[in-house]
Amino acid sequence: MRFSRVLRAGAVATAMGLALAACGSGNQDSGGGGGDSGGGDSLTIGIKFDQPGLGQKTPDGYEGFDVDVATYIAKELGVDADNIEFVEAKSADRETLIKNGDVDFIVATYSITDKRKAEVDFAGPYFIAHQDLLVRADDSSITGPETLNGKKLCSVTGSTSAQKVKDEFADKVDLQEYGGYSECLTGLESGAVDAITTDDTILAGLAAANEGKFKLVGKGFSDENYGVGLKKGDTDMRDKINAAIKKMEDDGAWKSSLEKHLGPADYNIPEPPEITEK
Ligand code: GLU
């Protein structure tokens with residue numbers, strides 16, 4: 001661990017040098033790191049890498065609503081976008097990344113649940129999504145969660161989504177758990193699975209990125225309160241993040257980010273939720 005910190009410090013110095021030399025802006029792929037629990041001059045933030053519109057790694061950096069929320073919070077903590085290191089936080093890895101101190105916080109379609117709150121704290125919520133289903137565009141047999149018996153359903157290990165369908169709707173569903181939603185999408189396209197279940201935000205983003213191939217069933221059947229995950233007991237950091245979220249909502253940046261990133265997916269942008277994690 002200590003060794004990798006040293007390597008990361010080296011990477012920071014290199015990336016900063018490069019950024020200066022190039023007068024660069026935007027996020028440095030290998031930069032940042034070693035965050036010192038907020039308020040310092042760099043932050044390591046966990047996001048998704050494969051969720052278009054939310055958290056996506058592109059050849060030029062990172063983009064999506066979660067990336068914008070993370071960048072806004074960092075700015076409020078006194079950290080420039082150039083000094084953020086984004087790391088991938090897959091659904092199943094989030095609590096561990098926070099508990100191990102590998103990230104300062106996580107902004108990754110991360111639903112606030114009591115089970116997770118036993119291990120980590122949350123700021124927010126900063127958005128409420130709803131669980132839904134994505135199917136192939138020509139499939140008319142799946143019209144809601146109760147029509148999944150005998151179907152192969154993909155979801156992601158460590159997400160809230162898979163278990164809910166299994167528990168509440170379809171006892172005969174053949175649940176396939178993959179590591180990320182991009183793998184589920186490959187399976188849906190090839191016919192290896194019949195549907196994907198997760199938040200409508202994620203599904204809308206995937207559908208928009210693959211026009212004409214998939215469709216949302218459109219029956220939101222849960223409330224997913226997205227929180228910013230952080231180390232348990234760090235109330236100072238949580239208060240600062242809550243203040244940043246509120247400011248982003250009030251100054252219009254919250255809405256314009258959603259319009260930019262989820263508007264093209266025809267997502268109906270809701271009002272910001274009340275912040276309850278205090
Ligand atoms: N919001 C849900 C969760 O936190 C599903 C999306 C995800 O896996 O990130 O589990």
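FYI, the numbering just counts along the sequence from 1. Counting convention: from 1, in listed order, for ligands and their atoms alike.
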Checklist entry - Could you give the distance from OH (Y62) to OG1 (T71), rounded to the nearest 0.5 Å? => result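 One gets 11.5 Å once the value is rounded to the nearest 0.5 Å.
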Next on the checklist: Nearest 0.5 Å, please: how far is CZ in F49 from NZ in K57?
Outcome noted: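 Reported to 0.5 Å precision, the distance equals 5.5 Å.
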Item to check | Side-chain ion pair, D174 and K152, N-O less than 4.0 Å | outcome: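 A salt bridge is absent here (no side-chain N lies under 4.0 Å from a carboxylate O).
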Heavy-atom distances under 4.0 Å decide this one: backbone, side chain, both or neither, for [X] against ligand 1?
{"X": "S161", "result": "side chain"}
{"X": "D199", "result": "side chain"}
{"X": "V156", "result": "neither"}
{"X": "K164", "result": "neither"}
{"X": "Q131", "result": "neither"}
{"X": "A129", "result": "neither"}
{"X": "S91", "result": "side chain"}
{"X": "T198", "result": "side chain"}

Checklist entry - Do K246 and I275 come within less than 4.5 Å of each other through their side chains, counting heavy atoms only? => result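 With C-beta onward as the side chain, the pair touches.
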Checklist entry - Mind checking whether F105 and I98 have side chains closer than 4.5 Å, heavy atoms only? => result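 A side-chain contact under 4.5 Å is absent here.
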Checklist entry - Yes or no on salt bridge (charged side-chain N to carboxylate O under 4.0 Å, His left out) for E76 and K240, after CA distance, side-chain angles and deciding distance? => result CA-CA 8 Å; E76 291 302 304; K240 286 182 178 145; over 6 Å; no
Item to check | Test: K219 cationic atom under 6.0 Å from F221 six-membered ring centre, within 45° of axis | outcome: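 No - K219 does not lie over the ring of F221 by the 6.0 Å and 45° rule.
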Within a distance under 4.0 Å of any heavy atom of [X], pick out the atoms of ligand 1 and give their elements.
{"X": "Y226", "value": "1 (N)"}
{"X": "Y110", "value": "4 (O)"}
{"X": "S159", "value": "8 (O), 10 (O)"}
{"X": "R94", "value": "3 (C), 4 (O), 7 (C), 8 (O), 9 (O), 10 (O)"}
{"X": "A108", "value": "9 (O)"}
{"X": "I202", "value": "6 (C)"}

Checklist entry - With under 30° as parallel and over 60° as perpendicular, where do the rings of Y126 and F65 fit, or are they tilted in between? => result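 If you compare the ring of Y126 with that of F65, the planes turn out tilted.
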Item to check | Flag if over 12 foreign heavy atoms under 6.0 Å of CG, N268 | outcome: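 At most 12 heavy atoms, drawn from other residues, nucleotides or ligands, come within 6.0 Å of this atom.
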For ligand 1, which is the ligand I care about here, please tell me if [X] has any N or O atom under 3.5 Å from one of the ligand's N or O atoms.
{"X": "S111", "answer": "yes"}
{"X": "K48", "answer": "yes"}
{"X": "T160", "answer": "yes"}

Item to check | Criterion salt bridge (charged side-chain N to carboxylate O under 4.0 Å, His left out) on D194 and R136, from CA distance to verdict | outcome: CA-CA 7 Å; D194 301 307; R136 286 179 291 275; 3.4 Å; yes
Checklist entry - With no hydrogens and no angle check, is any side-chain donor or acceptor of N225 less than 3.5 Å from a backbone partner on P125? => result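 Not confirmed, N225 side chain does not pair with P125 backbone.
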Next on the checklist: If the contact criterion is a heavy-atom separation under 4.0 Å, does K90 count as touching ligand 1?
Outcome noted: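 Checking ligand 1 against K90, which is what was asked, there is no heavy-atom contact under 4.0 Å.
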